[in-house]
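Here the structure comes first, spelled out in structure tokens, and everything after it is commentary.
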Amino acid sequence: AQTVTQSQPEMSVQEAETVTLSCTYDTSESDYYLFWYKQPPSRQMILVIRQEAYKQQNATENRFSVNFQKAAKSFSLKISDSQLGDAAMYFCAYREGGGSNYKLTFGKGTLLTVNP
Amino acid sequence: NAGVTQTPKFQVLKTGQSMTLQCAQDMNHEYMSWYRQDPGMGLRLIHYSVGAGITDQGEVPNGYNVSRSTTEDFPLRLLSAAPSQTSVYFCASSYRGRVNEQFFGPGTRLTVL
């Protein structure tokens, strides 16, 4: 079974600085997708960024970027120019590829605090 | 569009009581699913549906029933609530061919005493 591990239960960053959240996963599949979700205190799950395993180029969305190391099965999230609104729980998630695979497997999350 | 809506936002039950958590979406999404989130853990899939009349079990289905009579609605039923079902429940939906773009509802916090 696929597993997703987030080894940092909590992280903190100063406003305007950069922080990297770690995620590793275990799978024997070659076709899969990886995601970072943000969950602010409102509880709403918000998709931040996603990466297709077949793409070598790291995904980027404005201040958010990933470092996808397929051989190492590592998928870290870098947040640049951190803002107070970035404070939230961040979840790494995995989905096996294929048209009938719908399940998202989540890590336990990393709580990010942004200090002013 | 209202997106994915869930009712109620909060609920307290006694052990053995039954209830239904409601989930609705107005985006004509074929795929809908239910997750539970427990403290210190990520979300775990309970049940999912790929269209009206079609449901299947996820990772933690025991104690929960679902049905999908319409595209819009996907209720989750607890037939006999147990304290172990205390959790936050999330509903999600997407187009069947765009499962990488799932929209989540705001969640229902359920406490079973």
Side-chain angles (χ1 to χ4, degrees), chain A residues 1-10 21-26 31-55 59 61 66 75 77 88-111, chain B residues 2-10 21 23 25 29-51 54-61 66 68 74 87-110:
Chain A
Q2 293 82 8
T3 58
V4 177
T5 301
Q6 295 178 249
S7 59
Q8 306 153 316
E10 298 184 25
L21 307 185
S22 300
C23 172
T24 58
Y25 59 94
D26 185 27
D31 179 20
Y32 55 88
Y33 303 84
L34 297 164
F35 310 84
W36 279 98
Y37 279 87
K38 172 185 178 181
Q39 187 180 43
S42 66
R43 280 200 323 239
Q44 186 76 46
M45 293 289 287
I46 302 165
L47 178 63
V48 175
I49 199 167
R50 73 166 182 260
Q51 175 80 41
E52 292 85 350
Y54 62 85
K55 289 187 176 179
E61 289 287 344
V66 299
F75 182 61
L77 174 69
M89 182 73 84
Y90 286 82
F91 291 97
C92 180
Y94 165 101
R95 186 182 81 82
E96 186 178 317
S100 61
N101 294 311
Y102 305 99
K103 175 188 172 185
L104 289 170
T105 299
F106 287 85
K108 294 185 178 182
T110 296
L111 180 62
Chain B
V4 181
T5 59
Q6 292 184 237
T7 57
K9 285 186 168 54
F10 301 94
L21 306 185
C23 174
Q25 50 85 16
H29 286 168
E30 301 95 340
Y31 175 71
M32 296 185 74
S33 60
W34 278 101
Y35 287 85
R36 61 177 288 173
Q37 182 182 24
D38 300 306
M41 300 186 70
L43 281 67
R44 291 181 294 168
L45 183 64
I46 304 171
H47 284 286
Y48 65 94
S49 168
V50 298
I54 306 170
T55 64
D56 207 345
Q57 297 181 349
E59 182 182 357
V60 287
V66 293
R68 185 96 179 267
F74 189 43
S87 189
V88 180
Y89 292 85
F90 288 94
C91 179
S93 74
S94 74
Y95 291 112
R96 188 170 180 173
R98 299 176 67 176
V99 186
N100 287 336
E101 299 174 14
Q102 296 190 37
F103 293 82
F104 282 81
T108 293
R109 180 177 293 278
L110 175 68

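Since we're looking at a predicted model, the values are computed, not measured. Numbered from 1 within each chain, the chains take letters A, B, ... in sequence-line order.
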Report which part of [X] has an atom under 4.5 Å of a heavy atom belonging to chain A: side chain, backbone, both, or neither.
X        : value
B/Thr108 : backbone
B/Phe103 : neither
B/Gln37  : side chain
B/Leu45  : side chain
B/Arg109 : both

(request) Kindly assign one of parallel, tilted or perpendicular to the pair A/Tyr102 and B/Tyr48, based on the angle between their ring planes and the thresholds 30° and 60°. (result) tilted
First locate atom [atom1] of [X], then atom [atom2] of [Y], and finally report the distance between them rounded to the nearest 0.5 Å.
X       : Y        : atom1 : atom2 : answer
B/Cys91 : B/Gln6   : SG    : CD    : 5.5 Å
B/Trp34 : B/His47  : CH2   : NE2   : 11.5 Å
A/Tyr37 : B/Gln102 : OH    : CD    : 5.5 Å

(request) Specify which of B/Asp56, B/Asn100, B/Leu43 makes the most heavy-atom pairs with chain A at under 4.5 Å. (result) B/Asn100
(request) In sequence, state the C-alpha distance, the side-chain angles, and the governing distance for A/Tyr32 and A/Tyr94, and then conclude on ring-ring contact (aromatic ring centres under 6.0 Å, His included). (result) CA-CA 7 Å; A/Tyr32 55 88; A/Tyr94 165 101; 5.4 Å; yes
(message) Give me the atom names and distance for the closest heavy-atom approach of A/Ser22 to A/Trp36.
(response) O-CH2, 3.8 Å
(message) To check you understand the geometry: which heavy-atom pair defines the closest contact between A/Ala88 and A/Gln39, and what is its length?
(response) CB-O, 3.5 Å
What part of [X] gets closer than 4.5 Å to chain B, counting heavy atoms only: side chain, backbone, both or neither?
X        : result
A/Leu111 : neither
A/Arg43  : both
A/Gln6   : neither

